[in-house]
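See below for the structure under consideration.
Keep in mind that what you see is a predicted model, and the values were worked out from it rather than measured.
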Amino acid sequence: QVQLVESGGGLVQAGGSLRLSCAASGSFYSINVMGWHRQALGKQRELVATITRGGITNFAASVKGRFTISRDNAKNTVYLHMNSLRPEDTGVYYCNVVDLTAAYWGQGTQVTVSS
């Protein structure tokens with residue numbers, strides 16, 4: 001059974017920082033991509049950032065230069081470092097893990113940025 005445990009969300013003022021963590025456990029078949037998506041109220045879920053096992057990263061245009069993503073392959077953990085947060089970054093952030101057979105999602109963690 002696969003489990004993704006997210007942590008690090010919360011309430012922060014605009015301009016502040018947060019770090020999200022997602023630890024994956026269970027039976028994986030060679031995890032390749034780990035990443036984060038988010039969903040604001042009334043909007044579709046969107047990609048925020050991904051990182052491959054080899055360290056290649058991809059970011060949404062709206063977060064480039066403000067967010068970084070990293071991972072610890074030994075711990076199957078991915079981190080999202082969010083700086084210069086804006087009210088439009090508010091939403092539920094979901095961890096996503098892709099291995100050779102399937103894609104998995106975390107339960108989501110709320111990030112709220114106040115103006």
For this session: Measure across Gln110 and Thr90 and return the closest heavy-atom pair with its distance rounded to 0.1 Å.
Result: NE2-CG2, 4.0 Å
For this session: Go through the steps for Asn96 and Tyr104 under the test side chain to side chain contact (heavy atoms under 4.5 Å, CB included), then give the verdict.
Result: CA-CA 6 Å; Asn96 173 243; Tyr104 305 92; 5.9 Å; no
Problem set entry | Pi-cation contact, Tyr94 with Arg38 (under 6.0 Å, within 45°) | no
Exercise. Are a donor atom and an acceptor atom from the side chains of Asn83 and Ser17 found within less than 3.5 Å of each other?
Worked result: yes
Exercise. Between Met82 and Trp36, is any pair of side-chain heavy atoms under 4.5 Å apart?
Worked result: no
Exercise. Hey, is the main chain of Lys75 close enough, under 3.5 Å, to the side chain of Thr77 for a donor-acceptor pair?
Worked result: yes
Exercise. Are Ile69 and Val98 grouped together when hydrophobic residues (ILVMFWY) are joined by side-chain heavy atoms under 4.5 angstrom apart?
Worked result: no
Problem set entry | Close side-chain approach of Phe28 and Val2, heavy atoms under 4.5 Å | yes
Exercise. Would you say Gln39's side chain and Glu46's backbone share a donor-acceptor pair under 3.5 angstrom?
Worked result: no
Problem set entry | same_hphob_cluster(Val78, Val92) at 4.5 Å side-chain heavy-atom cutoff | no
For this session: Run the numbers on Asn58 and Val33 for side chain to side chain contact (heavy atoms under 4.5 Å, CB included), then give the verdict.
Result: CA-CA 10 Å; Asn58 180 47; Val33 179; over 6 Å; no
Problem set entry | Test item: Val111 and Leu20 side chains (from C-beta on) under 4.5 Å apart, heavy atoms | yes
Problem set entry | Hphob cluster co-occupancy, Ile51 + Leu18, side-chain heavy atoms under 4.5 angstrom | yes
For this session: Answer yes or no: is there a side-chain heavy-atom contact under 4.5 Å between Gln107 and Leu4?
Result: no
Problem set entry | Backbone N/O of Leu100 and side chain of Ser30: donor-acceptor pair under 3.5 Å | no
For this session: Without swapping roles, check the side chain of Arg66 against the backbone of Ser84 for a donor-acceptor pair under 3.5 Å.
Result: yes
Exercise. With distance as the sole test, does Arg71 use its side chain to make a donor-acceptor pair with the main-chain N or O of Thr52 at under 3.5 Å?
Worked result: yes
Problem set entry | Spacing of Cys95 atom SG and Glu6 atom CD [to the nearest 0.5 Å] | 5.5 Å
For this session: Nearest 0.5 Å please: distance from the OG1 atom of Thr112 over to the CD atom of Gln13.
Result: 13.0 Å
Problem set entry | Residue pairs involving residues 49-83 (criterion ring pair (Phe, Tyr, Trp, His ring centres under 6.0 Å); sequence neighbours excluded) | none
Problem set entry | Residue pair Leu47 / His37: nearest heavy atoms and the distance that separates them | CA-CD2, 3.4 Å
For this session: For the pair Arg19 (side chain) and Gly8 (backbone), establish whether a donor and an acceptor sit closer than 3.5 Å, ignoring hydrogens and angles.
Result: no
For this session: Mind running side chain to side chain contact (heavy atoms under 4.5 Å, CB included) on Leu80 and Val48 for me, showing each step along the way?
Result: CA-CA 9 Å; Leu80 184 67; Val48 176; 4.1 Å; yes
